[in-house]
Visitor: 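Here you go, one structure.
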Amino acid sequence: MLPKHIGIIMDGNGRWAQQQGKPRLYGHQVGANRAKDIVLAARDRGIGYVTLFAFSTENWKRPISEVQGLFLLMEEFFRENADELAESGVKVNVIGDRSRLPRSIRTVAANAERITANASRIIVNIALNYGGRWDVASALRRIAEDVAAGRLDASDIDEDLISSRLATAGQPDPDLIIRTGGESRISNFMLWQAAYAEIYVTQTLWPDFRDEDLDAAISFFLSRTRRYGGLKTAPHNGRGEGG
Ligand code: IPE
Ligand code: IPE
Ligand code: MG
């Protein structure tokens with residue numbers, strides 16, 4: 001079966017730009033365009049959910065000029081693409097801590113969500129000021145508030161309840177995570193949701209990632225045997241077989 005939800009750690013923009021003697025922001029600009037094309041390719045392949053890691057809670061450590069440049073690009077991205085995404089059946093959902101984002105981005109992001117709200121071919125989570133630990137901590141904070149207010153009992157807290165309070169509530173967990181740029185790490189991306197994701201690392205830098213690379217990642221996924229802690233089981237037996 002195809003992955004239901006693909007998470008993408010879009011890494012390598014800076015190195016790609018530097019390789020061609022260009023400023024890092026140029027890599028981010030080309031990367032943003034790639035993101036749009038790959039979302040459309042995922043849609044065409046029948047993928048229901050894509051999560052794009054665009055800015056992590058740790059990316060604030062970068063020089064202020066890069067952070068501001070990234071925000072400017074993202075603002076432009078939302079403003080210029082919302083209508084086309086809606087027409088293409090792409091529903092945009094921004095996940096992450098919005099409170100620290102510039103007001104201008106919060107506004108265009110909310111507009112993009114509104115404009116694409118009725119699109120139904122693919123849901124794209126854009127992870128902006130997102131961290132897996134932030135996601136879990138915010139879910140737990142809301143649960144604690146409900147317990148304190150008597151709306152929930154501590155004994156109600158289980159894995160499903162926690163999942164239902166994450167930024168990805170109601171969505172299937174990512175079953176495939178792609179990381180471009182060659183690093184074999186998760187960098188605080190979807191920590192809870194990634195429990196059983198297959199992880200595909202490619203040396204390809206994000207601005208070079210093409211539809212064929214998406215197909216290669218999907219083929220990798222299809223070739224995996226997913227055991228979920230059990231043993232390899234016969235096809236059609238529970239969740240035992242992945243490909
Ligand atoms: C990923 O590319 C994009 C963001 C983290 C915003 P990088 O900017 O991390 O590119 P490299 O890893 O330095 O090449
Ligand atoms: C991960 O890339 C974050 C995003 C792609 C947004 P980084 O470049 O920030 O990750 P590290 O620093 O190599 O772990
Ligand atoms: Mg990087």
Side-chain angles (χ1 to χ4, degrees), residues 5-39 42 49-78 80-81 92-102 104-106 108-109 112 124-138 166-168 174 176-194 197-210 213-214 217:
H5 184 166
I6 302 182
I8 309 183
I9 302 174
M10 308 181 291
D11 197 20
N13 293 347
R15 278 165 280 168
W16 182 87
Q18 276 161 349
Q19 279 173 8
Q20 4 211 322
K22 300 255 173 60
R24 291 177 56 86
L25 272 171
Y26 177 68
H28 294 314
Q29 171 132 42
V30 175
N33 295 331
R34 282 287 75 227
K36 189 173 89 178
D37 291 350
I38 291 298
V39 163
Y49 300 83
V50 167
T51 298
L52 301 174
F53 203 8
F55 190 86
S56 78
T57 47
E58 288 71 41
N59 287 146
W60 293 101
K61 294 177 190 157
R62 298 187 179 201
I64 181 74
S65 55
E66 179 163 344
V67 171
Q68 282 176 348
L70 272 166
F71 286 157
L72 223 57
L73 277 173
M74 289 176 197
E75 198 182 318
E76 220 173 83
F77 180 85
F78 284 119
E80 288 176 3
N81 292 305
V92 172
N93 180 37
V94 175
I95 62 173
D97 182 359
R98 298 188 197 210
S99 66
R100 232 185 126 181
L101 295 175
S104 51
I105 295 212
R106 282 188 272 162
V108 286
V124 174
N125 301 313
I126 301 186
L128 243 183
N129 196 19
Y130 176 88
R133 289 183 172 183
W134 164 84
D135 202 358
V136 173
S138 337
L166 297 173
T168 49
L176 170 62
I177 291 179
I178 297 172
R179 182 165 187 147
T180 60
E183 309 287 0
S184 307
R185 59 179 169 245
I186 204 91
S187 298
N188 200 12
F189 183 59
M190 298 191 113
L191 296 180
W192 176 277
Q193 298 92 327
E198 300 292 334
I199 300 183
Y200 178 81
V201 175
T202 171
Q203 297 299 319
T204 302
L205 304 172
W206 178 249
D208 281 333
F209 194 83
R210 297 278 176 281
D213 301 294
L214 178 67

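Side-chain atoms are counted along with the backbone in the values below, which use heavy atoms only and exclude waters and symmetry mates. Start at 1 and go down the list; that is how both ligands and their atoms are numbered.
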Visitor: Is the closest basic N to carboxylate O distance between R34 and D37 below 4.0 Å?
Guide: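 D37 and R34: salt-bridged.
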Visitor: So which bit of A127 gets within less than 4.0 Å of ligand 2, heavy atoms only: side chain, backbone, both or neither?
Guide: neither
Visitor: For R62, state whether at least one heavy atom is located under 4.0 Å from any atom of ligand 2.
Guide: yes
Visitor: Taking the side chain as every heavy atom from C-beta outward, state whether L205 and T180 have any pair of such atoms under 4.5 Å apart.
Guide: no
Visitor: Heavy atoms only, cut-off 4.0 Å: how does L205 contact ligand 1, side chain, backbone, both, or neither?
Guide: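 It is neither; nothing of L205 touches ligand 1.
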Visitor: Roughly how far apart are M10 CE and F209 CZ, rounded to 0.5 Å?
Guide: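 One gets 11.0 Å once the value is rounded to the nearest 0.5 Å.
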Visitor: Identify the two heavy atoms, one from M74 and one from A54, that lie closest to each other, and give their separation to 0.1 Å.
Guide: CE-O, 3.6 Å
Visitor: Considering only heavy atoms of R15, which atoms of ligand 1 have at least one such atom less than 4.0 Å away?
Guide: 11 (P), 12 (O), 14 (O)
Visitor: Taking atom CG of N81 and atom NZ of K36, what is their separation to the nearest 0.5 Å?
Guide: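 The CG atom of N81 sits 4.0 Å away from the NZ atom of K36.
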Visitor: Counting C-beta onward and ignoring hydrogens, is there a side-chain heavy-atom pair between P102 and E75 closer than 4.5 Å?
Guide: no
Visitor: Can you tell me how far CD1 of I9 sits from CD1 of I199, rounded to the nearest 0.5 angstrom?
Guide: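 Atom-to-atom, I199:CD1 and I9:CD1 are 7.5 Å apart.
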Visitor: In terms of ring plane angle, is the pair Y130 and W134 parallel, tilted or perpendicular, where the classes change at 30° and 60°?
Guide: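 It falls in the perpendicular class, over 60°.
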Visitor: Of all the N, O or S atoms in D11, which has the shortest distance to the Mg ion (ligand 3)?
Guide: OD1
Visitor: Which ligand 2 atoms are under 4.0 Å away from a heavy-atom of R179?
Guide: 2 (O), 10 (O), 11 (P), 13 (O), 14 (O)
Visitor: With nothing but distance in play, are any N or O atoms of L70 less than 3.5 Å from an N or O of ligand 1?
Guide: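 In this structure, L70 places no N or O atom under 3.5 Å from an N or O of ligand 1.
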Visitor: Below 4.0 Å, non-hydrogen atoms only: which portion of F55 touches ligand 2? Side chain, backbone, both or neither.
Guide: backbone
Visitor: Considering heavy atoms of the protein only, find what lies nearest to atom 6 (C) of ligand 2 and give residue, atom and distance to 0.1 Å.
Guide: F53 O, 3.4 Å
Visitor: What is the closest protein heavy atom to atom 1 (C) of ligand 2, and at what distance does it sit?
Guide: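 For this ligand atom, the closest protein heavy atom is I9 CG2, 3.9 Å.
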Visitor: Could you tell me the residue and atom name of the protein heavy atom closest to atom 10 (O) of ligand 1, and the distance to it rounded to 0.1 Å?
Guide: G14 N, 2.9 Å
Visitor: Can an N or O of D11 be found at a distance shorter than 3.5 Å from an N or O of ligand 1?
Guide: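 Yes.
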Visitor: Any idea how F55 and W60 line up, ring-wise: parallel (<30°), tilted (30 to 60°), or perpendicular (>60°)?
Guide: perpendicular
Visitor: Heavy-atom contacts with R185 under 4.0 Å: which atoms of ligand 2 show up? List them by number with element.
Guide: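 The atoms of ligand 2 under 4.0 Å from a heavy atom of R185 are 11 (P), 13 (O), 14 (O).
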Visitor: Just how far is it from atom CD1 of I178 to atom CD1 of I38, taken to the nearest 0.5 Å?
Guide: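 If we round to the nearest 0.5 Å, I178:CD1 and I38:CD1 are 8.0 Å apart.
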Visitor: Determine, using heavy atoms of G181 and all atoms of ligand 1, whether some pair is separated by less than 4.0 Å.
Guide: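 Judged by the 4.0 Å heavy-atom criterion, G181 does not count as contacting ligand 1.
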Visitor: Could you tell me which atoms of ligand 1, counted from 1 in the order shown, lie closer than 4.0 angstrom to a heavy atom of A54?
Guide: 6 (C)
Visitor: Assess whether side-chain contact (heavy atoms from CB on, under 4.5 Å) is satisfied between H5 and T51, documenting all intermediate values.
Guide: CA-CA 8 Å; H5 184 166; T51 298; 2.7 Å; yes
Visitor: Count the heavy atoms belonging to other residues, nucleotides or ligands that lie under 6.0 Å from CZ of R133, then report whether that count exceeds 12.
Guide: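 No, the 6.0 Å shell around CZ holds no more than 12 heavy atoms from other groups.
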Visitor: To which protein heavy atom is atom 14 (O) of ligand 2 closest, and what is the distance rounded to 0.1 Å?
Guide: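 Nearest neighbour among protein heavy atoms for atom 14 (O) of ligand 2, to 0.1 Å: S187 OG, 2.6 Å.
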Visitor: Applying a strict 4.0 Å limit to heavy atoms, is Q18 in contact with ligand 1?
Guide: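 It does not; every heavy atom stays at 4.0 Å or beyond.
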Visitor: Identify, for atom 9 (O) of ligand 2, the protein heavy atom at the shortest distance, and state residue, atom and that distance.
Guide: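 Nearest protein contact, heavy atoms only, for atom 9 (O) of ligand 2 is N59 ND2, 2.9 Å.
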Visitor: Answer yes or no for E183: is there an N/O/S atom below the 2.8 Å cut-off from the Mg ion (ligand 3)?
Guide: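 For E183, the answer is no, given that no N, O or S atom comes within less than 2.8 Å of the Mg ion (ligand 3).
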